[in-house]
Asker: 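Got a structure here, written out as C-alpha cells. Questions coming.
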Amino acid sequence: MTTITSNEDLAVYHARVPVSALHSIVVAETLYPLLDRPQEKDFSLHTIARKTGPDGRDLVHSELVIAGRQSRERFPTARVYPIHFLKSYNPWALHGRPENEYENTRAAASILRSPLPIGYDDSSFRAAFIPGKPLSRISPFTNVDPPERCLGIAAETEPAVLIGLWKLAEEVFEQLSKLHEHRFFHGDMELHNIIVCTAPVQAFLIDYESAICDFSGSDEEFEDLRFRDLEELLRLAVYLQAGLGRQENALAQASQDYLPRLFRNADTFNARLDEADRQAGGAAA
C-alpha cells in the first residue's frame, strides 16, 4: 500500500482502489496488472504482523495481499476487493478455528455495520482491509508504567489532542455497548484492536478470534465479560479526564464507577480528577 505524500508522487501513484464498501487506498500503477490479470497465487504487498514460536518458526502471519486467481475463484468477495487482509496459521500453531473468526466477524459487522469478512479455509482467515492506525499507536499513554505516570502525561498533553482521543473513545464505547446489547463480547478488546481511519475519521473494531456470540450465562458472568471488554478503554478514559476534567456521559460514568477495579491506587486517580476539575473550572471562569 502506498499513500500519496507529495506532488511528485502523483506522477506515479494516482489510482484509488476500493478495499471495502467504506474504504479505498492508493496503489502504485505498477500493481495494476496484478489487479486486472492476477497471478495464480496471492501476491503479498505488506506484512502487518508476525507471531513466532520459541524456535523462530512463524505461527501466525498477517499481511495485505492482492488475491491471485485461486483465491478469487474460491472467495467471490475477493473478486470485488482483491486487496485485502490475510491471516495465515501454520499447521503447528495452536489457534482457534478460522471458521469461528469468520462467523464472529460477520456477526459483529451485522450489528455495527462495519465491513464484512471475505472468507476462510482450514488455515487462514480473510477480511476487508481497514486503512488506518491502531488506537494504541495514537494514544500517548500506551505502554506507560506505572499507570500513575499517565496523569502527568495527561496534564502536559495539548487539550485538542485529549479532546480528539475522547471523541474516539466515546465512539468505541458506543460500539462495544451495542455489541453487549446483543450479548456479543469481543473477548480481546485491547487498543491495538481498534483501528482509527482518517478519511473519514472513524474507529473500527478488529480481530474477533476470541469473541463470544449469543452469551447465555449468568448476570454476574455477563458483567465480568463486559468489564473485560471495556477495561483498557476505561483506563484511557480516566487518563483523558485527568487532563480534561470529569466528563458527563456514559463513558465517563463507567470509568469513574470502575475506578477501584481499574487501578490499585484509586485514590490517586480520584485526586487527580478533582484537580483537573478545579483547573477546568478556573479556566472557564
Asker: When you check the gap from the basic side-chain N to the acidic O, do K87 and D207 get nearer than 4.0 Å?
Answerer: yes
Asker: Tell me if the aromatic rings of F269 and F263 count as close, with their centers under 6.0 Å from one another.
Answerer: yes
Asker: Please round to the nearest 0.5 Å and tell me the distance separating atom CD of Q70 and atom CD of Q39.
Answerer: 10.0 Å
Asker: With a 4.5 Å cut-off on side-chain heavy-atom distances among I, L, V, M, F, W and Y, is there a chain of contacts connecting L251 to F141?
Answerer: yes
Asker: Quick one: pull up CD1 in I66 and CD1 in I83 and give me the separation to the nearest 0.5 Å.
Answerer: 4.5 Å
Asker: If every non-hydrogen atom of A109 is compared with every non-hydrogen atom of P115, which pair is closest and at what distance?
Answerer: CB-O, 3.8 Å
Asker: Under 6.0 Å from the CG atom of D36, do we count more than 12 heavy atoms belonging to anything else shown?
Answerer: yes
Asker: Heavy-atom count around E158 CD within 6.0 Å, excluding the residue itself: above 12?
Answerer: no
Asker: Write down the atom of L262, the atom of L234, and the distance for their closest heavy-atom approach.
Answerer: CD1-CB, 3.8 Å
Asker: What's the spacing between L205 CG and N193 CG if we round to 0.5 Å?
Answerer: 8.5 Å
Asker: Could R126 and D42 be called an ion pair, given the rule that one side-chain N must be under 4.0 Å from one carboxylate O?
Answerer: yes
Asker: Are V161 and I194 connected in a single hydrophobic cluster, I mean Ile/Leu/Val/Met/Phe/Trp/Tyr linked by side-chain heavy atoms less than 4.5 Å apart?
Answerer: yes
Asker: Same hydrophobic cluster for F43 and V27, using side-chain heavy-atom links shorter than 4.5 Å among ILVMFWY?
Answerer: yes
Asker: Between L168 and V201, is a side chain to side chain contact (heavy atoms under 4.5 Å, CB included) present by the stated rule, with each step listed?
Answerer: CA-CA 9 Å; L168 288 171; V201 176; 4.2 Å; yes
Asker: May I ask you to decide whether R235 forms a salt bridge with E231, counting only side-chain N to carboxylate O separations under 4.0 Å?
Answerer: yes
Asker: With no hydrogens and no angle check, just 3.5 Å: does a side-chain donor-acceptor pair link H180 and S177?
Answerer: no
Asker: Are any side-chain N or O atoms of R72 and backbone N or O atoms of A67, one a donor and one an acceptor, separated by less than 3.5 Å?
Answerer: yes
Asker: Can you see which heavy atom on F215 is nearest to which on S218, and at what distance?
Answerer: CE2-O, 3.8 Å
Asker: Any side-chain donor paired with an acceptor under 3.5 Å for E170 and N249?
Answerer: yes
Asker: Which label fits F204 and H23: parallel for a plane angle under 30°, tilted from 30 to 60°, or perpendicular past 60°?
Answerer: perpendicular
Asker: How far apart are the closest heavy atoms of A78 and I118, and which atoms are they?
Answerer: N-CG2, 4.0 Å
Asker: Using 4.0 Å as the upper bound for N to carboxylate O, is an ion pair formed by R246 and D277?
Answerer: yes
Asker: Going by heavy atoms in the side chains, are Y102 and N100 under 4.5 Å from each other?
Answerer: no
Asker: Hey, does Y89 have a side-chain heavy atom less than 4.5 Å from the side chain of D122?
Answerer: no
Asker: Would you say that L236 contacts W166 through its side chain, given a criterion of any heavy-atom pair below 4.5 Å between the two side chains?
Answerer: no
Asker: Would you check if D121 and S123 make a side-chain contact, meaning some heavy-atom pair closer than 4.5 Å?
Answerer: yes
Asker: For the residue pair A266 and P260, what are the closest heavy atoms and their distance?
Answerer: CB-CA, 3.8 Å
Asker: Please test T47 against L64 for side chain to side chain contact (heavy atoms under 4.5 Å, CB included), starting from the C-alpha separation and ending with a verdict.
Answerer: CA-CA 6 Å; T47 295; L64 185 65; over 6 Å; no
Asker: Is it true that the side chains of E63 and S44 contain a donor and an acceptor less than 3.5 Å apart?
Answerer: yes
Asker: Do T105 and F125 have side chains that approach each other closer than 4.5 Å (heavy atoms only, starting at C-beta)?
Answerer: yes
Asker: If you measure from the Lys or Arg side-chain nitrogens to the Asp or Glu carboxylate oxygens, is any gap between D257 and R226 under 4.0 Å?
Answerer: no
Asker: Charged N to carboxylate O under 4.0 angstrom, R278 versus E275?
Answerer: yes
Asker: Would you mind reporting whether C213 and N104 have side-chain heavy atoms less than 4.5 Å apart?
Answerer: yes
Asker: Quick one: pull up OG in S62 and NE2 in H46 and give me the separation to the nearest 0.5 Å.
Answerer: 10.5 Å
Asker: Could you give the distance from CG (N265) to CD (E148), rounded to the nearest 0.5 Å?
Answerer: 5.5 Å
Asker: Give a yes or no on whether I138 and I163 share a hydrophobic cluster (residues Ile, Leu, Val, Met, Phe, Trp, Tyr; joining criterion: side-chain heavy atoms under 4.5 Å apart).
Answerer: yes
Asker: Consider only side-chain N and O atoms of S255 and Q241, and report whether a donor and an acceptor are under 3.5 Å apart.
Answerer: yes
Asker: Decide whether a cation-pi geometry holds between R228 and F185; the criteria are a distance under 6.0 Å from NZ or CZ to the six-membered ring centre and an angle within 45° of the ring axis.
Answerer: no
Asker: So does S136 get a backbone contact from the side chain of T142, meaning a donor-acceptor N/O pair under 3.5 Å?
Answerer: yes
Asker: Please examine the side chains of K178 and L112, heavy atoms only from C-beta on, and report whether any two atoms are closer than 4.5 Å.
Answerer: yes
Asker: Measure from the side-chain N and O atoms of Q175 to the backbone N and O of A203, and report whether any donor-acceptor pair falls under 3.5 Å.
Answerer: yes
Asker: Do H61 side-chain atoms and N90 backbone N/O form a donor-acceptor pair below 3.5 Å?
Answerer: no
Asker: After noting the C-alpha distance and the side-chain angles of L45 and V65, does the key distance pass the side chain to side chain contact (heavy atoms under 4.5 Å, CB included) rule?
Answerer: CA-CA 5 Å; L45 285 174; V65 301; over 6 Å; no
Asker: Does CZ belonging to R50 count more than 12 external heavy atoms closer than 6.0 Å?
Answerer: no
Asker: I need the L273 CG to Q247 CD distance, nearest 0.5 Å.
Answerer: 10.5 Å
Asker: State, to 0.1 Å, how close P82 and L35 come at their nearest heavy-atom pair, and which atoms those are.
Answerer: CG-CD2, 3.9 Å
Asker: Counting N and O atoms only, with roles assigned by atom type, does the side chain of Y32 sit under 3.5 Å from a partner on the main chain of R37, one being a donor and the other an acceptor?
Answerer: no
Asker: With a 4.5 Å heavy-atom cut-off, do F184 and Y208 have their side chains touching?
Answerer: yes
Asker: Knowing that exactly one of V172, L135, L165, L191 qualifies, which makes a side-chain contact (heavy atoms from CB on, under 4.5 Å) with V196?
Answerer: L135
Asker: Checking the side chain of T157 only, and the main-chain atoms of I153 only, is there a donor and an acceptor separated by less than 3.5 Å?
Answerer: yes
Asker: With hydrophobic residues grouped by side-chain heavy-atom distances under 4.5 Å, do L116 and V19 end up in a single group?
Answerer: no
Asker: Evaluate L162 against L244 for side chain to side chain contact (heavy atoms under 4.5 Å, CB included), listing each step before the verdict.
Answerer: CA-CA 7 Å; L162 299 178; L244 295 171; 3.7 Å; yes
Asker: Please say whether more than 12 non-hydrogen atoms of neighbouring residues, nucleotides or ligands are located less than 6.0 Å from CZ in R106.
Answerer: no
